[in-house]
Amino acid sequence: GDRGVVYRTYKDAQKAFPNKEIITNPNGLKLASGLPDELYTSPLDGMYTSKEIADALKFLDDQKLGSITKNMAYRWLVMVPKGGAQVGKTVLGPFTHSRNFFSAGAFAGANGIFFHDPRTIAKAFKRAFGEVQVGTRSEAANKEYRELLRLGVVNSNTKMGDLRNLLKDVKFGEGVATTDNMVKPFFKAMGRIKNVAQDLYVAEDDFWKITNYAVEMERMGQAYAKAGIKRTTQQLKEEAADIVKNTVPNYAYVSDTVRALRRFPIGNFMSFPSEIIRTTGNIARRAIHEIRDPKTGKINPITSTNPLKGIGLRRLFGMAMTHTMIPAGLTWGAMALHDVSRDELDAIRRFLPQWSKNSTIIPIRDEETGELKYVDSSHGNAYDIIIRPFVALNNNIQSGIEDEEVLLEGFARGIAEATGELLNPFVSESIYTEAFMDIIGRGGRTREGKQLWTDQTSDGEKYKIAAWHTINAMAPGSPK
C-alpha cells in the first residue's frame, strides 16, 4: 500500500523515512488534547514519524491551544520579560551554575554510584571530562557524544529545554528566529560570554549524566559477568541509557501539559520539579526491580538470586542518603558545631519568613555576640520539592501537639500545606510576574510582606525604587 505518515515503532519509521531524522522521544508523539489522558488521548500518541512531520503536527496542535501566546501585547508584557528573567537566572547567573552542577551531582548520589569502586568512578569522571561539549574536543570524543545523543542521555537539561522553548514561543513568526536575537537586546556586549555560559550550563548537566551512564554500564557489566550472564556491549549501553533517562531529569520525558505552562505568567522552569517527582519514583522502582528475585518474585535482599541486587541496595541507600540523611545531617552537624539546642532551633523556626517555614535550616551561632542566625539550605537541594511536604506535615503535627490541639487537626493541616508545597513550583508567580505584582498588584509590597515604599515616598523616588526592584529581580547573579 501507500507509505504511511506515522508508525508504531522507531525502526518502522526509520525504514519508511531512510533519509530523514526520526523523532527521538522514547515515548513517541504526544499531542495535547486539552483533556486529561484518562478521558482522551490522540490516536497518534506513541507513534513515530520524521521530525518534519512531527513539527507540522505540533504546529497545527499549537494553533488551537496557544492563541493567547500569539498575541503581541501578551508576548511583550509577559513572555519576553519572563524569558529575559529566566536567561539571567540560569545561563548568566554564576550562583545558578554552581547550583546546577551540584544538583546534577545529587542525582548521581541518589542512584548510589558513589558507593561503587572509586576506580570506576574516577574512570567515569575522566570520560565525562573528555566528552562534555565545552571547547575543542577530539573526533573520538565527539563520536562518543553523538552516540550518547542517539541514546538520549545528554543535552536534555530540563531548565534549558523550558528556556529554549519559551524564547522560541516569543519569536514565533516574527522573523527574529534565534535565541541570540532574543538575548542581545539585554546583553549585546556579553554575547560571547553568554554563548560560553550556555555551553557550560548544558555541560554541567551532561558531566554527571555521562558519569552516571558510565558507572551504570560498568557495574551492570560486572554483575552480569559474575553471574555468568552474557550481555553485549550494545545491550549494556541501551540498559544503562534507559536507567539514566528514567532516574535523572530529562526534558524528553516532560509532558506537553507541563511544557505548556512555560507560556503563562505563573511558575519558573516547571519541567524541573515535574521531572524530580517522576525520577524519584523511578529510582525506587528500579531498585526494587534489581532486588526482586527473578524466580520467586520476592523482594528479599538476602535470599534473592538477582545478580543486580547489590546495585539495587546501593541505589536505595543512595536515595535515602540524598533525600533524608544528608539534609538532616547538615542540621544536626551545625547544631553540634555551634552548640544549638533543639529548643533554640524551634525558636528560630517560629520566626522564619513564610518561604523558609518548611525549609531545611542550618543554624549558626555568632562566636562574638552569641546571636543565632541560619542558612536556608533548601535552595541548593534539588530534591527539596520531595522533602518539603514531609517537613510541612511534621511541622504542623508538632504545632498541634505543642498547642494541645487534637493531633488529627494538625495532621489534616499538614496534609493541606504539604500539598500546597508540592504544587507551589507550578502555580506560584514567575520571577518577572512576581516583581511586576509587587509594584502594581500589591502597591509596593513584596509577596513576603516587605514594604518597598510608604505613602510619604515621593513619586520620583517610587519610580526609582520600582525600576531597581524589577532590575534586581531579573538581573544575573542573584539567586532567585
Side-chain angles (χ1 to χ4, degrees), residues 82-109 125 128-137 141-142 145-146 148-149 152-170 178-184 186-213 244-245 248-254 258-259 262 267-276 279 379-384 425 430-432 473-480:
K82 181 178 181 180
Q86 293 189 350
V87 167
K89 300 305 179 185
T90 51
V91 297
L92 295 175
F95 178 88
T96 317
H97 275 279
S98 63
R99 185 164 62 183
N100 181 49
F101 182 77
F102 288 112
S103 293
F107 306 140
F125 281 167
F129 271 121
E131 293 178 8
V132 291
Q133 297 296 290
V134 176
T136 304
R137 289 290 180 264
N142 289 335
Y145 192 82
R146 287 194 293 270
L148 292 171
L149 276 173
V153 173
V154 294
N155 200 21
S156 54
N157 185 285
T158 53
K159 291 185 179 180
M160 282 302 297
D162 271 343
L163 182 57
R164 285 166 178 161
N165 281 333
L166 176 58
L167 297 181
K168 180 180 177 182
D169 290 337
V170 168
T178 68
T179 301
D180 284 343
N181 288 334
M182 182 65 221
V183 178
K184 281 179 182 176
F186 297 103
F187 303 104
K188 188 175 181 180
M190 300 172 62
R192 185 170 296 179
I193 296 174
K194 184 269 300 177
N195 289 334
V196 173
Q198 283 183 333
D199 290 342
L200 281 173
Y201 201 85
V202 174
E204 290 151 10
D205 190 63
D206 282 352
F207 172 82
W208 286 107
K209 284 179 175 174
I210 296 171
T211 299
N212 240 28
Y213 169 81
V244 175
K245 288 186 292 187
V248 179
N250 189 310
Y251 194 68
Y253 288 82
V254 178
V258 173
R259 290 189 187 198
R262 71 180 182 270
N268 295 296
F269 307 111
M270 286 80 79
S271 294
F272 184 70
S274 74
E275 276 297 278
I276 291 293
T279 55
H379 293 296
N381 185 355
Y383 286 107
D384 183 58
S430 69
I431 297 169
Y432 163 73
M474 300 175 66
S478 57
K480 182 67 179 177

ask   = When you measure from the side chain of Glu131 to the backbone N and O of Tyr145, does any donor-acceptor pair fall under 3.5 Å?
value = no
task = Looking only at non-hydrogen atoms, find the nearest pair between Ala203 and Val132 and report the distance.
result = O-CG1, 3.8 Å
key: Least distance between heavy atoms, Ala128 atom then Thr211 atom   = CB-OG1, 3.5 Å
query = Looking only at heavy atoms, which two atoms of Asn250 and Gly152 are closest? And how far apart?
reply = ND2-O, 3.1 Å
key: Whether Asp206 side chain and Val154 backbone form a donor-acceptor pair below 3.5 Å   = no
task = List for me each residue that meets side-chain hydrogen bond (donor to acceptor under 3.5 Å, both in side chains) alongside Asp384, sequence neighbours excluded, and say none if there are none.
result = Ser378, Arg388
remark   = With Trp208 as partner, the option from Phe107, Phe125, Phe102 fulfilling ring pair (Phe, Tyr, Trp, His ring centres under 6.0 Å) is Phe125
ask   = What pairs with Phe129 under side-chain contact (heavy atoms from CB on, under 4.5 Å), at least two apart in sequence or on another chain?
value = Phe207
request  = Look at the side chain of Lys209 and the backbone N and O of Pro249, then say whether any donor-acceptor pair between them is shorter than 3.5 Å.
outcome  = yes
ask   = To the nearest 0.5 Å, what is the distance between CG (Asp205) and CG (Leu200)?
value = 12.5 Å
